[in-house]
Structures are given as C-alpha cells and as structure tokens.
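Here's the structure, in structure tokens; my notes come after.
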Amino acid sequence: MTVQIDLAGRTALVTGSTQGIGAAITAALARAGARVAVNGRTAASVERAATALRGEVPGAEVVEVDADVSTDDGTARVLDLLPSVDILVNNLGVFGPTPALEITDDEWRRYFEVNVLAGVRLTRAYLPGMMERGWGRVQYIASDSAVAIPAEMIHYGVSKTALLGVSRGFAKAAAGTGVTVNSVLAGPTHTGGVEDFVAELVGDSLPWEEAQREFMRQHRPQSLLQRLIEPEEIANMVTYLASPLASATTGAAVRVDGGYVDAIVP
Ligand SMILES: NC(=O)c1ccc[n+]([C@@H]2O[C@H](COP(=O)([O-])OP(=O)(O)OC[C@H]3O[C@@H](n4cnc5c(N)ncnc54)[C@H](OP(=O)(O)O)[C@@H]3O)[C@@H](O)[C@H]2O)c1
C-alpha cells in the first residue's frame, strides 16, 4: 500500500514563509498539489521566495502575500489578497535570547503580538469559512520551548505555551465540523543562521555533519536524534496533518522534536 497525499484544489496560507521552516512547508504543500500563499513582510522577499518555490516545484500555483501579519492593517491586506483558505499554517514566530529579568513590557507585548495574536487573528478570520464548508486545517508551529521553557528566552517559551492552549481552544470551537486544529512542536532545526551559531559554539574547523553532532552532544544532549532537524522534516508532519489522512487528529500537540522533550506524551 502506498501512502498518497493529494491536496489538489486546496489553498494554503503559511505565515512567515520566505525562508526557514515556513519555506519548507510551502514547498511540501505545493508538492502535494495545494495552491500555496507565501508570506513575508516585503514584496521583494516574498517575490524571491515565490520564484525559488516555482523553481523547486514546477507547476506550483503560488500566491504572493506581502503583509506584516502581526498588525491589523497587515492582516486586512492578507484577507484582501486571500479571502478564503482551506489550510492555515501559523508558522510565523520570532525568537532571541534575553535574560529573564531584562525582558521589558514592550518585548513581552511584541512576543505576544507576533507569536500568538497574529495566529489568533487569522484563525478568527478563516475558521468560520472552513467550518461552513465542512473541511479545513489550522496549525500552529510551536516548539519544544513551549513545554521546556528556555532560561535564556522565557518570553519566547511562554508565547509557544500559549499557542498550545490557543490551538486546543479553537479545536473545541470547531468540534464536529470536519475542521481540525493542531499544534506542531518543532525541535532544534537547521535554519538560516544556525550554522553560524553552531560554528560559534564548537568552532569552524569541523565539517558541517560533525560540527552539528558535536553541537548537539555538547549543547542539546537531550536530543534523541543527536542532530539538528531539517526543515523538510517539520514540513512532512505539517503536510500529513493538512491531509485527509489526519482527519482524526485534532486538538493535539504533535511533536517533531527529535525526542528533545523528555516526556512520553506532550
Ligand atoms: N528554527 C528553529 O530551530 C525552531 C525550533 C522550534 C520552533 N521554531 C518555530 O518555527 C517557526 C519558523 O521558524 P524559522 O526559524 O524557520 O523562522 P525564520 O527563519 O526566522 O523565518 C522567519 C520568517 O518570518 C517572516 N516574518 C518575520 N516577521 C514577519 C511578520 N511580522 N509578518 C510576516 N512575516 C514575517 C520572515 O520573512 P520576511 O523577513 O520576508 O518578512 C521569514 O520568512 C517559528 O514559529 C519558530 O518559533 C523554530
């Protein structure tokens, strides 16, 4: 038996998808046949990502959505460009280290606005249409940091914990409608900037494969995978959850963390 995922006829919006995990998700959904909307803050970055995607997935139907989804105006622009979607992947998230006692009110607010409220607002806009049509998929890209709050960025961790509650809550709002709502806990992933980060910590004399394993051994010893996760590996789970195959998975927090979180169930 072969497992096939066919998303032909579905439209998907992936927020923050001009690079990193978001770009890998748009590629995976496009490969499965979905029409995909690439989102970032500038027309230039969105156009660059959309062109790369069309090259990577020949025949892909790509919509360019340049809008800052952390603002009301930006969200209004998204809804203008894309009045209805079948699959909403709230991938956008910012992160960066700041000592707990130095995180200001403004920073706490920014993390809430970008990492939590942007996804809430888009869910509020798109979920009713999905429920009316009797099919839809909403996902939030959370993190191992949602359940293992990192000491160096508690505001980030807390924003991801909030997403687990948001996801569970909207899943209840969509109960019995054919729409599923889930969150995906991504673990340490090989995205832009991470290679520099690894080189900073373990030196730049080792080839990448060895360097990342050394980094994981020294700095992420809880990982059972013992290497960074590739963005495509997160995208595989998102694509499965977006598919008809995952019809009985809703209100869940699903881990793609390489076993990083030392728990049997999330
Ligand atoms: N990387 C990891 O190891 C890791 C681990 C666990 C979870 N995650 C989560 O996975 C998600 C993606 O992370 P990533 O590392 O792939 O991100 P990233 O490489 O930093 O990419 C961020 C993306 O968001 C866009 N963006 C930033 N602010 C925006 C805004 N206000 N409105 C619209 N787009 C915006 C950027 O595009 P423009 O610059 O073009 O605007 C870019 O495409 C995040 O939620 C993150 O918390 C990441």
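Fair warning: this is a prediction, and the values are worked out from it, not measured in the lab. Start at 1 and go down the list; that is how both ligands and their atoms are numbered.
- Residues forming a side chain to side chain contact (heavy atoms under 4.5 Å, CB included) with F215 (at least two apart in sequence, or on another chain): F197, V198, L201, V202, H219, R220, L228.
- D80 and R77 are not joined by a salt bridge, as no carboxylate oxygen comes within less than 4.0 angstrom of a charged side-chain nitrogen.
- In this structure, R227 pairs ionically with E233, as a charged nitrogen and a carboxylate oxygen lie closer than 4.0 Å.
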Report each N/O pair between ligand 1 and the protein that falls under 3.5 Å, naming both atoms.
from	atom 1	to	atom 2	distance (Å)
ligand 1	1 (N)	T191	OG1	3.2
ligand 1	3 (O)	T189	N	3.0
ligand 1	16 (O)	I21	N	2.8
ligand 1	19 (O)	Q19	NE2	2.8
ligand 1	21 (O)	Q19	NE2	3.4
ligand 1	28 (N)	R41	NE	3.4
ligand 1	31 (N)	D68	OD1	2.7
ligand 1	32 (N)	V69	N	3.3
ligand 1	37 (O)	T18	OG1	2.9
ligand 1	39 (O)	R41	NH2	2.9
ligand 1	40 (O)	T18	OG1	3.0
ligand 1	40 (O)	S45	OG	2.6
ligand 1	41 (O)	R41	N	2.7
ligand 1	41 (O)	R41	NE	2.7
ligand 1	41 (O)	R41	NH2	3.4
ligand 1	43 (O)	G16	O	3.4
ligand 1	43 (O)	T18	N	3.0
ligand 1	43 (O)	T18	OG1	2.6
ligand 1	43 (O)	Q19	N	3.4
ligand 1	45 (O)	N91	O	2.7
ligand 1	45 (O)	G93	N	3.4
ligand 1	45 (O)	K160	NZ	2.8
ligand 1	47 (O)	Y156	OH	2.6
ligand 1	47 (O)	K160	NZ	3.1

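- Put simply, the residue from T123, N91, N182, N115 that forms a side chain to side chain donor-acceptor pair (under 3.5 Å) with Y140 is T123.
- With sequence neighbours left out, the side chain to side chain contact (heavy atoms under 4.5 Å, CB included) criterion links S45 to T18, T42, R48.
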Which pairs of donor and acceptor atoms, one on a side chain in residues 149-158, lie under 3.5 Å apart (sequence neighbours left out)?
none

